[in-house]
Number of protein chains: 2
Amino acid sequence: MKLSKRGEYALRALIDLGIAKELGRPILQVSELAAKEKLPVKFLEQIFAQLKLNGYVESKRGKLGGYSLAKPMTRIKFGTVIRLIDGPIAPIQCVSKTAYVRCSCPDEVHCGLRMLMLDVRNAIAKILDRYTLAEIVEITLRKLRRDKVTSPFLPPSTRLWPVLLPAVNARGGDWRELESLKQVSKKRRK
Amino acid sequence: MKLSKRGEYALRALIDLGIAKELGRPILQVSELAAKEKLPVKFLEQIFAQLKLNGYVESKRGKLGGYSLAKPMTRIKFGTVIRLIDGPIAPIQCVSKTAYVRCSCPDEVHCGLRMLMLDVRNAIAKILDRYTLAEIVEITLRKLRRDKVTSPFLPPSTRLWPVLLPAVNARGGDWRELESLKQVSKKRRK
DNA sequence: TTCAATCTATATCAGATTAGTAGACATTAA
DNA sequence: TTAATGTCTACTAATCTGATATAGATTGAA
């Protein structure tokens, strides 16, 4: 069920671009981003080229150049990006909605594996097709502020580096981060 | 987010063994199973060897030999089998519960990608670690009977082959099969 | 003008993984 | 005895992954 490095780096890049933009730095250099996340520069360049080709980022060449987001963060969904870079989300093709291919089993309608994988693919899609870059960036910034962590991307002049790790794990509950942050006061029911 | 062919075939094999057992045929030959699902025989043999090594199936050699399930279906969880054959379920290692590895990003606690992938991994695990072979087999058999389809594995003497495809898509609602079948009459709420 | 920092384009590559195939051998029921 | 099975070991072709290498184009600033 793996996300490729290529996909991972692409998402990290977009998220970082988003955070930086919110902090007043609309443009980032590949080298800077690679340094921050410890990614191979040349590989990341290839990935940016692909993202540019597909309208997610735009570039500025020459000194003080770099990449910036090419469309509103609210319109960048993670599912779409992952499908672009890693292919279909479905564990097996016969349950893919965007790239269905019939499988070799004799009776697809009564296939137990298919039923199971259909649920898996839907569970994944429900998350990846729901969250936009805007939401993830917002949640991340909120967490950074909550824990009083020096933010990663400051205007070039004042940039301090590397990020200071937070002294404590601040708030418990590492699991289901997104849900816990979104549903601030949800009614519970047994 | 792919399931490998190896993993897919392993699960198909277990499900078929389960169905056959319920229908009174506790042992199946590799060749028969391969023929039914149209899988390469020799490859499937390797997979069975792995399943045997890990206590999922047992074998009987010689004429009339074959493979049978080595433990109760209620104790075979899909998550465990997939982890055995395909490795961790988590899309990236830093959100794996069974095979955690720290990633290269500077601040794991405030990593947006990690938050997102944590939710994805939990959504997948919730399904794969919940359902047992017993449940999938039961649901499959119920569907087969409901649609009056000739069942795949009959006692050797009366075996008819191949399976007849059902004339109609019988009942609508191809999506979320498992849920719809389990929660027969659940109260809904807006 | 010149230079250094940036993106661009193309080629190459080592290693791992995937999805098998091939063939000889061991065991067992009929 | 023989035919049908599982067992074991080796091999492999193709593809994918995760890069690296090299040369070039563009631009801002000194």
Side-chain angles (χ1 to χ4, degrees), chain A residues 1-13 17 25-35 37-54 56-70 82 85-88 91-93 103-104 156-157, chain B residues 1-13 17 25-35 37-54 56-70 82 85-88 91-93 103-104 156-157:
Chain A
M1 308 278 149
K2 254 176 57 182
L3 179 69
S4 71
K5 287 291 173 193
R6 198 180 182 90
E8 179 188 329
Y9 298 170
L11 296 188
R12 287 194 193 284
L17 279 180
R25 285 202 57 204
I27 291 187
L28 290 184
Q29 290 91 45
V30 173
S31 57
E32 179 183 5
L33 211 156
E37 301 271 11
K38 293 173 199 153
L39 312 181
V41 179
K42 284 307 212 175
F43 190 29
L44 193 54
E45 275 176 355
Q46 287 176 36
I47 294 165
F48 267 112
Q50 190 176 1
L51 288 175
K52 182 183 175 187
L53 216 60
N54 287 273
Y56 289 100
V57 299
E58 53 199 10
S59 62
K60 193 183 164 196
R61 296 173 81 158
K63 205 165 185 176
L64 301 197
Y67 285 96
S68 53
L69 292 175
I82 291 180
I85 293 189
D86 274 10
I92 53 181
Q93 291 201 293
C103 76
S104 68
S157 49
Chain B
M1 309 280 148
K2 253 175 58 180
L3 179 70
S4 72
K5 287 293 173 190
R6 199 181 182 89
E8 180 188 328
Y9 297 169
L11 296 188
R12 286 194 193 283
L17 279 181
R25 285 203 56 202
I27 292 187
L28 290 184
Q29 289 91 47
V30 174
S31 56
E32 181 183 3
L33 210 155
E37 300 272 11
K38 291 173 200 153
L39 313 180
V41 179
K42 284 307 222 176
F43 191 29
L44 194 54
E45 274 177 358
Q46 286 177 35
I47 294 165
F48 266 111
Q50 191 176 359
L51 289 175
K52 182 184 175 185
L53 216 62
N54 287 275
Y56 289 100
V57 298
E58 52 199 9
S59 62
K60 194 185 163 197
R61 294 173 82 157
K63 205 166 184 178
L64 301 197
Y67 285 95
S68 53
L69 293 174
I82 291 180
I85 293 189
D86 274 9
I92 53 182
Q93 290 200 294
C103 77
S104 67
S157 50

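Sequence lines set the chain letters: A, B, ... in the order given, protein chains first and strands last, and positions in each chain run from 1.
Taking Ser104(A) as the reference, Lys38(B), Leu39(B) meet the side-chain contact (heavy atoms from CB on, under 4.5 Å) condition, with sequence neighbours excluded. Residues passing the side-chain contact (heavy atoms from CB on, under 4.5 Å) test with Glu45(B), sequence neighbours excluded: Val30(B), Val41(B), Lys42(B). Remark: Gln50(A) engages Arg6(A) in a side chain to side chain donor-acceptor pair (under 3.5 Å) (not counting sequence neighbours). Every residue two or more places apart in sequence or in another chain was checked for a side-chain contact (heavy atoms from CB on, under 4.5 Å) with Pro26(B), and none qualifies.
First and last contacting nucleotides of DNA chain C toward chain B (any atom under 4.0 angstrom from a heavy atom, 5' to 3' order): dA19(C) to dA30(C).
To the nearest angstrom, C1' of dT17(D) lies 13 Å from NZ of Lys2(B). Nucleotide dT5(D) holds its C1' atom 14 Å from the CG atom of Leu44(B), rounded to whole Å. The nearest whole Å value for the distance from the CD atom in Gln50(B) to the C1' atom in dT7(D) is 15 Å. Between the P atom of dT20(D) and the NZ atom of Lys5(A) lies a distance of 13 Å, rounded to the nearest Å. One interatomic measurement links the two molecules: CD of Glu32(B) to P of dA4(D), which rounds to 15 Å at whole-angstrom precision. Atom CG of Leu39(A) is separated from atom C1' of dT17(D) by 15 Å (rounded to the nearest Å). Counting to the nearest Å, the P atom of dA4(D) and the CG atom of Leu28(B) are 18 Å from each other. Remark: C1' of dG6(D) and CG of Leu53(B) are 14 Å apart, rounded to the nearest angstrom.
Contact annotation for Lys42(A): base contact, defined as any heavy-atom pair under 4.0 Å involving a base atom. Within the nucleic acid shown, Tyr67(A) comes within 4.0 Å of sugar-phosphate atoms alone, with no base atom in reach, counting heavy atoms only.
The Gln29(B) side chain lies nearest to dT5(D) when the options are dA10(D), dT5(D), dT20(D).
A donor-acceptor distance shorter than 3.5 angstrom exists from the side chain of Asp86(B) to the backbone of Ser4(B), with no hydrogens or angles considered.
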note = 5' to 3', nucleotides 25-30 of chain D under a 4.0 Å protein heavy-atom cut-off (B base, S sugar-phosphate only, - none) gives BBBBS-
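Across Ile85(A) and Ala10(A), no two heavy atoms sit closer than the pair CD1-CB, 3.2 Å.
Of the side-chain N and O atoms in Lys52(B), one or more sit less than 4.0 angstrom from OP1 or OP2 of dT7(D). When the side-chain nitrogen and oxygen atoms of Ser59(B) are compared with OP1 and OP2 of dT5(D), none of them lie within a distance under 4.0 Å.
Residues Leu17(B) and Phe48(B) form a side-chain contact, since some pair of their non-hydrogen atoms from C-beta on lies under 4.5 Å apart. Within the 4.5 Å cutoff, the side chain of Gln93(A) has no heavy atoms near those of the Cys103(A) side chain.
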For residues 59-70 of chain B, dump all side-chain donor-acceptor pairs below 3.5 Å to protein atoms at least two apart in sequence or in another chain.
unit_1: Ser59(B); atom_1: OG; unit_2: Lys52(B); atom_2: NZ; d: 2.9

